[in-house]
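Just follow the structure's listing: the first ligand is 1, and inside any ligand the first atom is 1. Numbers here are sequence positions counted from 1. Just so you know, these numbers use all the heavy atoms, side chains as well, and skip hydrogens, waters and symmetry mates.
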Amino acid sequence: MEKREREVTLRFLAEPSDINFLGKVFGGAVMKWIDLAGYTCAVGWSQQYCVTVYVGGIRFYEPILIGHLVEVRAKLIYTGRTSMHIAVDVQAGDPRSSQFTKTTHCIIVFVAVNEAGETVEVPAWKPESEEDIALQRYALRLMELRKNIETEMNPFIGR
Ligand SMILES: CC(C)(COP(=O)(O)OP(=O)(O)OC[C@H]1O[C@@H](n2cnc3c(N)ncnc32)[C@H](O)[C@@H]1OP(=O)(O)O)[C@@H](O)C(=O)NCCC(=O)NCCS
């Protein structure tokens with residue numbers, strides 16, 4: 001049986017087109033990279049089209065500079081029936097050195113869909129190592145916490 005990849009790393013240079021008004025990388029560019037890396041990971045695992053259903057807890061710890069090498073790592077840490085929870089870490093640094101700084105971490109959730117846009121089941125991922133069991137627990141805890149956040153937000157969503 002074909003092996004499914006649960007991890008993807010994108011590496012590229014931050015380009016002048018990614019710039020904000022202060023001359024550093026625009027937060028929206030980083031969010032796009034997170035979505036692209038997460039999408040690639042989700043599609044690789046499910047072998048289906050996928051859509052983003054949730055992005056949580058994005059915090060930009062450090063700015064990314066134009067010309068710096070950016071590494072976006074996406075790793076599947078939990079599968080539900082149709083959803084895949086993916087931890088994404090972004091780090092960046094001067095390509096002349098081997099020093100990278102963690103700039104962002106977040107969880108992004110994708111749902112697998114068919115060509116009609118209907119949700120479809122995904123293959124279950126089962127953690128085996130201690131590290132993966134801890135990551136799965138982390139995803140489950142965040143899912144619980146999100147329920148409270150969504151309850152707080154519901155009156156303001158307007159739908
Ligand atoms: C994704 C979509 C098809 C899901 O439809 P839905 O009717 O909500 O489907 P369900 O209620 O069955 O939920 C599907 C999965 O999403 C998960 N999900 C829904 N809301 C979630 C949230 N806030 N956080 C995490 N997961 C969530 C559900 O838990 C479920 O996962 P599971 O099957 O593993 O248990 C629909 O919400 C959609 O089309 N959204 C827009 C997606 C999109 O276009 N994204 C790009 C940005 S515009």
message: Quick check on atom 23 (N) of ligand 1 - does any protein heavy atom sit closer than 4.0 Å to it?
response: yes
task: Check I66 against E15 and note the closest heavy-atom contact, atom names and distance.
output: CD1-O, 3.4 Å
query: Taking N or O atoms only and a 3.5 Å limit, does H85 qualify as a polar contact for ligand 1?
result: no
query: Does Y78 sit in a hydrophobic cluster with other residues, and if so which ones, taking ILVMFWY side chains as linked at heavy-atom separations under 4.5 Å, directly or through other members?
result: L140, M143
Protein contact of atom 3 (C) of ligand 1 - nearest heavy atom, named by residue and atom, plus distance: T119 CG2, 3.9 Å
query: Measuring to protein heavy atoms, does anything land under 4.0 Å from atom 6 (P) of ligand 1?
result: no
message: Is atom 34 (O) of ligand 1 touching the protein, meaning some protein heavy atom lies under 4.0 Å away?
response: yes
Any non-hydrogen protein atom less than 4.0 Å away from atom 38 (C) of ligand 1: no
message: Among all the protein's heavy atoms, is there at least one whose distance to atom 1 (C) of ligand 1 comes out below 4.0 Å?
response: yes
message: For L10 versus W33, what's the shortest heavy-atom pair and its separation?
response: CD1-O, 4.4 Å
task: State whether any protein heavy atom lies less than 4.0 Å from atom 41 (C) of ligand 1.
output: no
- line: Shortest non-hydrogen pair, L13 vs P95, comes out as CD2-CG, 4.2 Å
message: If we only consider heavy atoms of M84, is any one of them less than 4.0 Å away from an atom in ligand 1?
response: no
message: For atom 16 (O) of ligand 1, is there a protein heavy atom at a distance under 4.0 Å?
response: yes
- request: Flag atom 28 (C) of ligand 1 as yes if some protein heavy-atom distance to it falls below 4.0 Å, otherwise no.
  value: no
query: Nearest non-hydrogen atom to atom 45 (N) of ligand 1 belongs to which of V120, I107, V111, T52?
result: T52
query: Looking at ligand 1, does any of its N/O atoms fall within less than 3.5 Å of an N/O of T82?
result: yes
task: Quick one: look at R146 and ligand 1, take heavy-atom pairs under 4.0 Å, and tell me if it's side chain, backbone, both or neither.
output: side chain
query: When you measure from the side chain of T103 to the backbone N and O of V90, does any donor-acceptor pair fall under 3.5 Å?
result: yes
query: Taking all non-hydrogen atoms of both residues, which atom of V88 and which atom of A74 are closest, and how far apart?
result: CG2-CB, 4.1 Å
